[in-house]
2 protein chains.
Amino acid sequence: MQQMAELLKAQKLKVTPQRLAIFKILYETTEHPSAEHIYKRIQATHPTMSLATVYKTLDTLKKAGLVQEFNVGEDSFRYDANVNTHPHMICLTCHQVFDLHTDKLQHIKKYVEPETDFDIDFEKVFFYGTCAKCQKAKEKS
Amino acid sequence: MQQMAELLKAQKLKVTPQRLAIFKILYETTEHPSAEHIYKRIQATHPTMSLATVYKTLDTLKKAGLVQEFNVGEDSFRYDANVNTHPHMICLTCHQVFDLHTDKLQHIKKYVEPETDFDIDFEKVFFYGTCAKCQKAKEKS
DNA sequence: ATAGATGCAAAGTCTTTGCATCAAA
DNA sequence: TTTGATGCAAAGACTTTGCATCTAT
């Protein structure tokens, strides 16, 4: 978290309790929460923080390269403090979003680039299916 | 297009001029238009069609598996009549979305599945970068 | 004839913006 | 002190919904 303050300073951004709190939530969860989720969770520690601040802060952090934003087909965006390129898996039953820890897709960018005339910077990969828990629930029924 | 009527009938959906017109636009473009784009383009031939009908129709076609929907980070969804799993490339400069025709990623699902406890149905892959045209424009400047 | 689709307007989400106040540097 | 951040309310953008009318079957 100390590190977070440094990262903000490095971008010439002010270090505020709000920014630290939002980053902390994102840093400690694997749930890829939406702005609304973050807002609700933050009530416990920062009951006066407004939803607008959550949105503004997420935008600021995104532009600073400290969080990434994506949409898996829902009506709102989700956020992730892990800005490294990594695939996500979406359960079509419980709608949870998981990180996929694998090195198997490390080089798809370079693998694919010769096939195109694009200069590729990064990719986003989403796998859709059924998580372990929901698979078991279906077996029982 | 005759085929489209058959596909609708197969789903026990009525074959209406509105549905055919929307599918035709999606089928003939490679632009991956949003609902609003489709609505504007459709004015030329169907000036009385409402935006609500465009949304309802896209939802119907999506549920029937005749179009796919995705969000590349914009404020609206885009639609594609090509429902086969295929990667998209997004130009971060001109914001156009292109299909990537390649067989290099045909098997990433099976390649990755052993690394997870998910039962994967399909994937969505997006490459972000600079298209050929925008690369050239930058060289000149 | 009947079930279902369309079109319009209104409403519902999610997100952004304007502006006065407040806090970090 | 100065610059930028926060919080509130209002506005904006995209999408959905309710309902009367119309149309495909």
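These numbers come from the heavy atoms of this one structure, side chains and all, not from hydrogens, waters or symmetry mates.
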Length of the NZ-C1' vector between A:Lys56 and C:dC14, whole Å: 16 Å

Value in whole Å for how far the C1' atom of C:dT6 lies from CG of B:Leu51: 13 Å

Side-chain donor/acceptor of A:Lys12 to base of D:dG4, under 3.5 Å: no

Side-chain N,O (B:Gln18) to OP1/OP2 (C:dG7) below 4.0 Å: yes

Whether A:Thr57 side chain and A:Thr53 backbone form a donor-acceptor pair below 3.5 Å: yes

Whole-Å gap separating P (D:dG7) and CZ (A:Arg19): 11 Å

Spacing of A:Leu58 atom CG relative to C:dT16 atom P, expressed in whole Å: 9 Å

A:Asp75, nearest nucleotide to its side chain (from C:dT6, C:dA25, C:dT13): C:dT13

Non-hydrogen side-chain atoms of A:Val112 and A:Phe118 separated by less than 4.5 Å: no

Short side-chain N/O contact to C:dT6 OP1/OP2 from B:Thr48, under 4.0 Å: no

Spacing of A:Met49 atom CE relative to D:dC8 atom C1', expressed in whole Å: 15 Å

Whole-Å distance separating the CD atom of B:Gln43 from the C1' atom of C:dG7: 13 Å

Residue whose closest nucleotide on DNA chain C lies nearer the 5' end, B:Lys14 versus B:Ser50: B:Lys14

Selection from C:dT6, C:dC14, D:dC8 that lies nearest to any side-chain heavy atom of B:Thr57: C:dT6

Heavy-atom side-chain proximity of B:Ile90 to B:Phe126 below 4.5 angstrom: yes

Shortest side-chain distance from A:Pro17, nucleotide among C:dA5, C:dA24, C:dC14: C:dA24

A:Thr16 side-chain N/O to D:dT6 phosphate OP1/OP2 under 4.0 Å: yes

Atom pair distance, as rounded to whole Å: OH in B:Tyr39 and P in C:dC8: 8 Å

A:Tyr55 side chain near C:dT15 phosphate (N/O to OP1/OP2, under 4.0 Å): yes

Heavy-atom pair of closest approach, residues A:Leu105 and A:Pro87: CD1-CG, 3.8 Å

Rounded distance (Å) that lies between atom C1' of D:dT15 and atom CG of B:Asp59: 10 Å

Donor + acceptor pair across side chains of B:Thr93, B:Lys138 (<3.5 Å): yes

B:Val15 vs B:Lys62, nearer the 5' end of DNA chain D by closest nucleotide: B:Lys62

Sugar-phosphate, base or nothing in reach of A:Thr53, heavy atoms under 4.0 Å: base

